[in-house]
Amino acid sequence: MVEASEFTGDEIAQLKDNPVIWRMLSKLVLVKDGGSVFGFPGDDGKSLVSAQGEVCAIAPDDRLRIAHCYDLYEAGVWSDFQQLLFDREWRQPFKQVFRELYLPTSEEKDSAMSMRYSGNQIMPMRAVGLLKKRQWTVDYDNGLQKVSFYGNVTAVMYAMADWFSPSDIETPTLEYVAFYYRRTMKEKKIAEVNPLVFSEFMRDVDLAVSVAHAGGVDPEASHSTIEMRCVIVEHSLKMFGIENVEVTGNFAKVHGSLGCYNIHLGSGVIHKEGGAQIAVLPVHSQSRGRIFLPFLDEDPKTSEIISKILLFAEDTKIKDPTILSQLD
């Protein structure tokens with residue numbers, strides 16, 4: 001799926017004879033005709049069944065591939081397949097329909113680097129161990145990097161770190177993620193990067209920031225920390241008079257006027273239901289951009305999460321063009 005590998009209709013029909021592979025493939029959404037037809041493989045292996053139950057025949061020479069969530073998002077059928085999986089209680093062999101999607105912001109498109117994770121402290125050895133499993137390598141000059149042959153791009157994660165020592169003295173800080181042409185290593189604007197490839201790169205970085213985070217506040221936090229934040233959020237919502245937010249598990253589900261949003265109570269990452277991640281950069285300042293809740297919790301991450309909940313609970317009042325462009 002990540003490499004957009006193609007299959008012919010004849011190959012799909014042959015895979016039906018393999019009970020192990022077909023059991024997995026039958027629960028994945030396929031796309032053909034360059035992104036115009038989506039559906040699960042039919043029981044005969046020669047058709048696609050859409051989320052609405054429409055059947056489209058597959059010719060032996062048709063070219064198909066496993067759809068990425070970006071394809072579903074662009075075609076406007078993402079929420080339809082999410083609802084279908086939920087109704088059928090299907091478990092996919094890997095995250096496809098419910099995969100996290102990361103789209104570049106308007107500011108990022110004109111640049112060759114993304115600053116959305118700037119300032120996060122990470123533990124180098126844990127980050128390296130995690131990202132090596134996702135084909136990231138350690139470069140002696142730049143640091144962590146990953147090459148996408150399909151997208152003809154190289155992503156480099158810059159951090160003030162020594163990737164080859166325990167870095168016990170001071171935990172390094174992530175600076176930015178830069179993109180380059182694979183062959184020449186010249187800067188490549190994010191607008192020129194394949195959206196599917198960009199989403200997968202940023203998904204890896206988000207995973208590293210969440211799992212390998214260091215510093216005063218761990219974004220994934222312990223279970224007890226998230227439980228405490230659940231209680232704090234529930235009580236503070238009553239205090240602020242907010243009634244369109246419910247806390248379920250590790251998420252605050254905000255029912256806004258422009259859409260529904262899931263805000264993680266550990267990392268503060270925001271995802272719009274049926275849409276992509278919404279990048280909202282907090283203002284790290286002692287005098288602005290923060291809600292001080294000393295009577296609830298002195299943790300600045302908790303204040304940041306509550307600020308985001310309050311912001312999206314009244315999403316019609318948002319004036320920031322960067323956030324509005326992501327809500328469109």
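Throughout, residue positions are numbered sequentially from 1 according to the sequence presented. Since we're looking at a predicted model, the values are computed, not measured.
Taking a cutoff of 4.0 Å between a charged side-chain nitrogen and a carboxylate oxygen, Lys308 and Glu304 qualify as a salt bridge. Ion pairing of Arg65 with Asp71 is present here, as a side-chain N (NZ or NE/NH1/NH2) and a carboxylate O approach within less than 4.0 Å.
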Does the pair Leu144 and Thr137 meet the rule for a side chain to side chain contact (heavy atoms under 4.5 Å, CB included), with working shown?
CA-CA 6 Å; Leu144 283 169; Thr137 59; over 6 Å; no
May I have the step-by-step check of side chain to side chain contact (heavy atoms under 4.5 Å, CB included) for Leu174 and Val205, ending in yes or no?
CA-CA 10 Å; Leu174 186 64; Val205 178; 4.2 Å; yes
What verdict does the ring-ring contact (aromatic ring centres under 6.0 Å, His included) test give for Phe198 and Tyr70, after you've listed the backbone C-alpha separation in whole Å, the side-chain angles of each residue and the deciding distance to 0.1 Å?
CA-CA 10 Å; Phe198 175 83; Tyr70 176 76; over 10 Å; no
How far apart are the C-alpha atoms of Leu327 and Ile318, what are their side-chain angles, what is the distance that settles it, and do they pass the side chain to side chain contact (heavy atoms under 4.5 Å, CB included) test?
CA-CA 10 Å; Leu327 298 183; Ile318 296 176; 4.1 Å; yes
Could you check Ile58 against Leu64 for side chain to side chain contact (heavy atoms under 4.5 Å, CB included), going step by step and ending with a plain yes or no?
CA-CA 9 Å; Ile58 301 175; Leu64 302 97; 3.8 Å; yes
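Between Met113 atom CE and Lys188 atom NZ the span is 16.0 Å, to the nearest 0.5 Å. Residue Asn250 holds its CG atom at 7.0 Å from CG of Leu265, rounded to the nearest 0.5 Å. Distance check: Ser50 OG to Leu84 CG gives 9.0 Å after rounding to the nearest 0.5 Å. Atom CD of Gln326 is separated from atom OG1 of Thr105 by 6.0 Å, given to the nearest 0.5 angstrom. Cys56 SG to Leu48 CG: the interatomic distance, rounded to the nearest 0.5 Å, is 6.0 Å. A distance of 11.5 Å separates CD1 in Ile306 from CD1 in Ile242, rounded to the nearest 0.5 Å.
Transitive grouping of hydrophobic side chains (ILVMFWY, heavy atoms separated by less than 4.5 Å) brings Leu30 and Val2 into a common cluster. Met1 and Met24 end up in different hydrophobic clusters when Ile, Leu, Val, Met, Phe, Trp and Tyr side chains are linked at under 4.5 Å. Hydrophobic clustering keeps Tyr102 apart from Tyr73 (ILVMFWY residues linked when any side-chain heavy atoms are closer than 4.5 Å, directly or through intermediates). Put simply, Leu72 and Leu196 are part of two different groups of oily side chains (I, L, V, M, F, W, Y) that touch within less than 4.5 Å, one to the next. With hydrophobic clusters built from ILVMFWY side chains whose heavy atoms lie under 4.5 angstrom apart, Ile21 shares a cluster with Phe94.
Shown here is Glu3, whose CD atom has no more than 12 heavy atoms of other residues, nucleotides or ligands within 6.0 Å. Within a 6.0 Å sphere centred on CG of Asp43, other residues, nucleotides and ligands contribute 12 heavy atoms or fewer. Residue-environment remark: NZ (Lys46) stays at or below the threshold of 12 foreign heavy atoms within 6.0 Å.
In terms of heavy atoms, Ser106 sits closest to Ser325 at OG-OG, 4.4 Å. Of all non-hydrogen atoms in Gly268 and Ile263, the two that sit nearest each other are O-CG2, 4.2 Å.
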Considering only distance and modelled atom types, tabulate donor-acceptor pairs under 3.5 Å from the side chains of residues 148-156, sequence neighbours left out.
| residue | atom | partner | partner atom | Å |
| --- | --- | --- | --- | --- |
| Ser148 | OG | Gly151 | N | 3.1 |
| Asn152 | OD1 | Arg182 | NE | 3.3 |

Show me the donor-acceptor pairs, under 3.5 Å and distance only, between side chains in residues 251-262 and residues at least two apart or in other chains.
| residue | atom | partner | partner atom | Å |
| --- | --- | --- | --- | --- |
| Lys253 | NZ | Glu273 | OE2 | 3.3 |
| His255 | NE2 | Glu246 | OE2 | 2.9 |
| Tyr261 | OH | Asp315 | OD2 | 2.6 |

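The closest side-chain heavy-atom distance from Ile190 to Phe179 is below 4.5 Å. Looking only at side-chain heavy atoms (C-beta outward), Val233 and Ile309 come within less than 4.5 Å of each other. A heavy-atom distance below 4.5 Å is found between the side chains of Ser199 and His68. For the pair Gln92 and Leu28, the minimum side-chain heavy-atom distance is below 4.5 Å. Within the 4.5 Å cutoff, side-chain heavy atoms of Ile12 are placed close to those of Trp22. In this structure, Lys32 and Phe7 have side chains that are not in contact, with every pair of non-hydrogen atoms separated by 4.5 Å or more. Looking at heavy atoms from C-beta onward, Val269 lies in side-chain contact with Gln277 at the 4.5 angstrom threshold. Residues Phe312 and Ile323 form a side-chain contact, since some pair of their non-hydrogen atoms from C-beta on lies under 4.5 Å apart.
Checked by atom type and distance alone, the side chain of Trp136 never pairs as donor or acceptor with a backbone atom of Val128 at under 3.5 Å. Asp62 places a side-chain N or O within donor-acceptor distance of the main-chain N or O of Ala59, the cut-off being under 3.5 Å. Panel note: side chain Gln83, backbone Asp80; no donor-acceptor pair is recorded below 3.5 Å. The backbone N or O of Ile278 sits nowhere less than 3.5 Å from a side-chain atom of Lys272 that would complete a donor-acceptor pair.
Between Phe40 and Trp90, a ring centre-to-centre spacing shorter than 6.0 Å is recorded.
By the 30° and 60° cut-offs, the orientation of the rings of Tyr180 relative to Tyr158 is perpendicular.
Between the side chains of Tyr181 and Glu192, at least one donor N or O sits under 3.5 Å from an acceptor N or O.
Exactly one of Met157, Gln145, Lys146, Arg126 qualifies for a side chain to side chain contact (heavy atoms under 4.5 Å, CB included) with Leu131. That residue is Met157. Considering Lys133, Arg134, Gln135 in turn, Arg134 is the only one that fulfils the side chain to side chain donor-acceptor pair (under 3.5 Å) rule with Asp204.
Listed by first and then second residue, the salt bridge (Lys or Arg N to Asp or Glu O under 4.0 Å) pairs involving residues 92-109 are Lys95-Glu100, Arg99-Glu200, Glu100-Arg203, Glu108-Arg116 (not counting sequence neighbours).
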